[in-house]
Amino acid sequence: DTGVSQDPRHKITKRGQNVTFRCDPISEHNRLYWYRQTLGQGPEFLTYFQNEAQLEKSRLLSDRFSAERPKGSFSTLEIQRTEQGDSAMYLCASRPGTYNEQFFGPGTRLTVL
Amino acid sequence: AQTVTQSQPEMSVQEAETVTLSCTYDTSESDYYLFWYKQPPSRQMILVIRQEAYKQQNATENRFSVNFQKAAKSFSLKISDSQLGDAAMYFCAYRRINNAGNMLTFGGGTRLMVKP
């Protein structure tokens, strides 16, 4: 399968714990996006990478959130001191530089107890 | 800021019939892209159809077509000959053209149910 992959698919954690998600984009896609989708809502943009550079961050991305994309390949999204309000589906998408369509991964569903 | 509104939380259609999903958006830009994405249950989001605002002709992809009304800022999706596999959440999305990040702004979604 050469699509966008995300790991884990599901994560259950207790409030206050740290969690980290991984996204592997489609090979040679230099743009990578993170979105958050709460139940019954559309995805909301969190952050964007072009290669290894994080070029945009949403105001939704509080100080407890950090994202990286070392070497411009896979990306990680870390949430520190999780809160119940962080419970959501975290979606990753990628695209090549010359194409408009974003290709989405299956998402990581986070449940904070 | 751009906003996208889908006023129909749920829609239902009989198999083989036609259904139209509504979307309105607000922007001060003159050039932009509009998209419809499909999100099947527990599966990843896929692009259904795309429309460039500078094109007057409505986009069509097989059974899927759009009615793009730029002045009214309306972008509806018509699904013809509905199939059971069309059952999913449908999201309307907007993207500015002169936006280096190309991030999408999504509506709240419409759940489409297809009755056999």
Side-chain angles (χ1 to χ4, degrees), chain A residues 1-10 23-26 29-51 53-61 67 69 88-109, chain B residues 1-11 21-25 31-55 59 61 75 77 88-112:
Chain A
D1 189 349
T2 57
V4 178
S5 61
Q6 294 187 244
D7 184 70
R9 295 290 306 275
H10 303 273
C23 170
D24 286 272
I26 294 172
H29 281 195
N30 61 348
R31 267 77 162 175
L32 186 147
Y33 305 79
W34 286 99
Y35 293 85
R36 182 174 70 186
Q37 184 179 18
T38 53
L39 199 62
Q41 300 297 317
E44 296 174 292
F45 168 74
L46 291 179
T47 190
Y48 157 69
F49 290 86
Q50 182 173 324
N51 299 311
Q54 187 175 19
L55 298 184
E56 290 205 44
K57 293 194 293 186
S58 162
R59 288 173 291 178
L60 294 174
L61 213 64
R69 193 183 182 196
M89 176 77 83
Y90 290 84
L91 297 171
C92 177
S94 72
R95 72 173 183 93
T98 56
Y99 192 61
N100 286 311
E101 180 183 352
Q102 293 182 22
F103 294 83
F104 283 83
T108 294
R109 181 169 295 284
Chain B
Q2 293 80 27
T3 58
V4 178
T5 303
Q6 294 178 248
S7 59
Q8 306 154 316
E10 285 190 358
M11 290 285 285
L21 309 184
S22 301
C23 172
T24 58
Y25 58 95
D31 289 327
Y32 45 87
Y33 294 110
L34 295 166
F35 306 84
W36 278 98
Y37 277 87
K38 171 185 178 181
Q39 189 176 41
S42 301
R43 293 177 60 186
Q44 58 211 80
M45 199 172 311
I46 57 173
L47 179 67
V48 174
I49 198 165
R50 179 183 73 192
Q51 174 79 42
E52 290 85 352
Y54 58 87
K55 290 186 177 179
E61 288 287 343
F75 183 61
L77 174 70
M89 284 292 293
Y90 286 83
F91 293 97
C92 178
Y94 165 100
R95 178 174 81 73
R96 290 168 56 192
I97 283 186
N98 296 319
N99 180 335
N102 296 112
M103 69 282 295
L104 297 166
T105 301
F106 287 89
T110 296
R111 182 177 302 281
L112 178 65

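In what follows, chains carry the letters A, B, and so on, assigned in the order in which the sequence lines appear, proteins first and then strands, with residues in each chain numbered from 1. Computed from a prediction, not measured in an experiment: that's the story for all the values here.
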Query raised in the report: Of all residues at least two apart in sequence or in a different chain, which pass the side chain to side chain contact (heavy atoms under 4.5 Å, CB included) check with A/Ser58?
Result: A/Phe45, A/Leu60
Query raised in the report: Checking A/Tyr35 side chain against B/Leu104 main chain: does a donor-acceptor pair fall under 3.5 Å?
Result: yes
Query raised in the report: Which heavy-atom pair separates B/Arg50 from A/Glu101 by the least distance, and what is that distance?
Result: NH1-N, 4.5 Å
Query - Nearest atoms (heavy-atom pairs only) where B/Met45 meets A/Leu91 - result: CE-CD1, 4.0 Å
Query raised in the report: Of the backbone (N, CA, C, O) and the side chain (C-beta and beyond), which part of A/Arg109 lies under 4.5 Å from a heavy atom of chain B, both, or neither?
Result: neither
Query raised in the report: Measuring heavy-atom distances to chain A, does B/Ser42 have an atom under 4.5 Å in its side chain, in its backbone, in both, or in neither?
Result: backbone
Query raised in the report: Between B/Phe91, B/Tyr37, B/Phe35, which is the residue that forms a ring-ring contact (aromatic ring centres under 6.0 Å, His included) with A/Phe104?
Result: B/Tyr37
Which atom pairs, donor and acceptor, lie under 3.5 Å between side-chain atoms of residues 37-44 of chain A and protein residues at least two apart or in another chain?
from    : atom 1 : to      : atom 2 : distance (Å)
A/Gln37 : OE1    : B/Gln39 : NE2    : 3.1
A/Gln37 : NE2    : A/Gln41 : O      : 3.0
A/Gln37 : NE2    : B/Gln39 : OE1    : 3.0

